[in-house]
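Following: one structure in structure tokens, then a few remarks.
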Amino acid sequence: MNKMIKRYLPFAKAGIQSLIIYRLNFMGFVIGGLIYCFVMFYLWKAVFESNGGQMFMGFSMTDMVIYLFLSNTTSQLIFSSVSNDIGEEIRDGNISMRLIKPVNTDLSYMFTELGTILMKLVVLVLPMILGLEIYRFCVTGTVMFNILNFLLYLSSAVFAYIISFRVNLCFGFIAFYVKNLWGIGILKNSIVNFLSGSLIPLAFMPDGLRLCLEYMPFASMSYTPVMIYMGKYAGYEILFRIGLQALWAVLLYGLSKLIWMGAIKKLCVQGG
Amino acid sequence: MRRSWKIYRLLAAQNLKRLMEYRADFLTGAVSFLIDQAIGIAFIFIIFTQIPQLAGFTFPQILFIYGLSQIPKGLDHLLADNLWCVGYFIVRKGDFDKYLIRPINPLFHVIAETFQVDAIGELIVGIGLLIYACPSAELHINVWTVLLTVIAVPFAALIYTSLKIITASFAFWMKSSGFIIQMVYGMNEFSKYPTTIYSLPVRIFVTYIIPFAFTGYYLSLYILTGTDPLWSIGGVILISTVLFVISLLIWNKGLSAYESAGA
């Protein structure tokens with residue numbers, strides 16, 4: 001264990017350093033996400049006004065605000081750029097440098113990202129949760145922060161990240177076949193945003209579709225942790241949801257390994 | 001002028017050749033943008049299953065605004081996509097030198113260099129939505145509304161391009177300004193829905209500071225209401241022209257501040 005930490009710690013450090021160096025880009029993405037949340041906030045406000053009621057399909061406006069901002073933040077937290085990184089490395093041949101090192105390829109990518117995730121947790125998620133709780137206090141007049149839900153949210157987010165990492169890894173392997181990674185990236189993001197419920201809460205979808213999506217791995221990526229934080233799941237359902245996340249994490253681990261074993265045989269580095 | 005047009009055609013032809021080479025890539029790009037759009041529309045659809053009207057507009061009318069807002073966006077994406085690269089890496093890597101040593105206007109060269117066919121996804125969705133929404137959106141269709149709106153569309157696209165020129169120019173001082181382009185460009189989200197849903201400060205911001213409100217809502221207002229073309233159409237033309245002039249001034253100032261990085 002000690003040996004492993006020693007081996008992979010430099011990757012995590014490199015992740016933190018690159019986030020610090022590219023902090024302006026990072027800020028750009030954070031602010032971009034916030035702008036999007038605000039557009040959605042006003043849109044939902046108009047929807048609630050047009051609807052005339054206090055509740056919209058089981059969500060109050062306060063719920064909606066928490067959902068919007070927290071699911072956006074959670075998506076940013078668990079965001080994995082491994083599809084781009086591995087795609088680039090496959091294309092320019094640098095992946096060979098990674099393959100000849102005495103480290104596990106997946107783990108080396110993962111530890112680089114763990115560094116950035118820790119940073120994001122401190123500079124993004126905690127301030128956001130604090131802000132949202134202050135907002136909720138101002139609107140409702142009571143402190144609604146629940147430490148247990150918060151801890152469950154964090155543990156659910158861990159699985160959410162593992163799933164996000166594996167899904168992105170599988171997407172990254174597409175680089176073996178197509179060159180327009182950028183287009184694929186847009187495609188992946190919009191599909192994931194929709195299926196994971198970060199665009200529209202899955203609870204608003206027609207019943208059949210909702211059930212289907214709730215069991216797919218995408219829901220595990222931001223919907224499950226956010227719903228847990230909001231206390232929308234109770235008792236055993238929380239365990240069931242986290243168990244489902246764990247199951248998907250294992251399945252996707254297997255899938256990405258399978259694709260990798262097939263793809264690595266096709267790898268052909270020109271120059272580099 | 002004729003020389004510029006000839007150069008543009010030559011460069012565009014080069015682009016199309018590259019496209020034929022990587023057909024799968026072109027398809028992925030266009031399909032990606034198409035699906036991205038489809039999901040945005042699904043979102044509006046789901047909202048409208050619950051409410052009859054949003055800020056006083058019916059479902060077809062909202063679709064019309066959304067659709068019209070995508071056309072200027074698509075046009076800019078089609079013609080001026082290379083500005084992103086200026087902000088993200090062309091200046092940083094020192095590759096901008098090549099635009100300065102050729103006997104054509106550098107800005108023209110940058111823009112002419114790429115012809116981004118991925119934008120077809122946005123254009124198809126935009127036009128498709130307009131056609132779909134037209135019969136039921138209770139539009140005021142006559143020669144004037146249609147003609148003036150069509151004329152205003154390129155000007156609305158110019159708002160996108162000008163904002164990109166301004167933000168890309170910052171790279172001349174900062175070496176890399178991709179994140180600023182990203183941030184400002186991202187505000188086009190505001191253009192998809194009626195500006196009236198936003199609070200006053202936001203409304204002022206998207207009307208007068210980063211005027212994306214003109215690329216969607218105000219642009220469609222004349223054909224939706226049949227009144228006040230001076231504000232909606234006139235506003236688009238005036239704002240875009242002013243913004244374009246400002247962007248040229250900043251760009252030129254940036255050019256004189258440019259120092260080659262790299263080797």
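At a 4.5 Å heavy-atom cutoff, the contact between Ile46(B) and chain A is made by side-chain atoms alone. Ile191(A) touches chain B through backbone and side chain together, each having a heavy atom under 4.5 Å away. Proximity to chain B (any heavy atom under 4.5 Å) is shown, for Phe26(A), by neither the backbone nor the side chain. Of the two parts of Thr49(B), neither the backbone nor the side chain holds a non-hydrogen atom closer than 4.5 Å to a non-hydrogen atom of chain A. In this structure, chain A has a heavy atom under 4.5 Å from the side chain of Tyr193(B), while its backbone stays farther away.
Atom CE of Met216(A) has more than 12 heavy atoms from other residues, nucleotides or ligands within 6.0 Å. Heavy atoms of other residues, nucleotides or ligands lying less than 6.0 angstrom from CZ of Phe29(A) number 12 at most. Surrounding OH of Tyr135(A) are more than 12 heavy atoms belonging to other residues, nucleotides or ligands, all under 6.0 Å away. For Phe205(B), the CZ atom counts as densely surrounded, since its 6.0 Å shell holds more than 12 non-hydrogen atoms of other residues, nucleotides or ligands.
Put simply, the side chain of Ile47(B) reaches to within 4.5 Å of the side chain of Leu43(A), judged on heavy atoms. Side-chain contact between Phe38(A) and Met187(B) is absent, with no heavy atoms from C-beta onward closer than 4.5 Å. Looking at heavy atoms from C-beta onward, Val39(A) lies out of side-chain contact with Val202(B) at the 4.5 angstrom threshold. Here the side chains of Phe179(B) and Met27(A) are not in contact, with every heavy-atom distance at 4.5 Å or above.
One N or O on the side chain of Ser50(A) and one on the backbone of Gln53(B) form a donor-acceptor pair closer than 3.5 Å.
Counting heavy-atom pairs closer than 4.5 Å to chain A, the top-ranked of the candidates Gln182(B), Met183(B), Lys192(B) is Met183(B).
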- request: In sequence, state the C-alpha distance, the side-chain angles, and the governing distance for Ile35(A) and Phe190(B), and then conclude on side chain to side chain contact (heavy atoms under 4.5 Å, CB included).
  value: CA-CA 9 Å; Ile35(A) 291 169; Phe190(B) 282 107; 3.5 Å; yes
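Within the structure, every pair that satisfies the side chain to side chain donor-acceptor pair (under 3.5 Å) test and touches residues 192-213 of chain A, not counting sequence neighbours, is listed here: Asn193(A)-Ser198(A), Asp207(A)-Arg210(A).
If you take CD1 on Ile35(B) and NZ on Lys188(A), they are separated by 14.5 Å, rounding to the nearest 0.5 Å. Summarising the geometry, atom CZ belonging to Phe41(A) is positioned 12.0 Å from atom OH belonging to Tyr198(B); distances are rounded to the nearest 0.5 Å.
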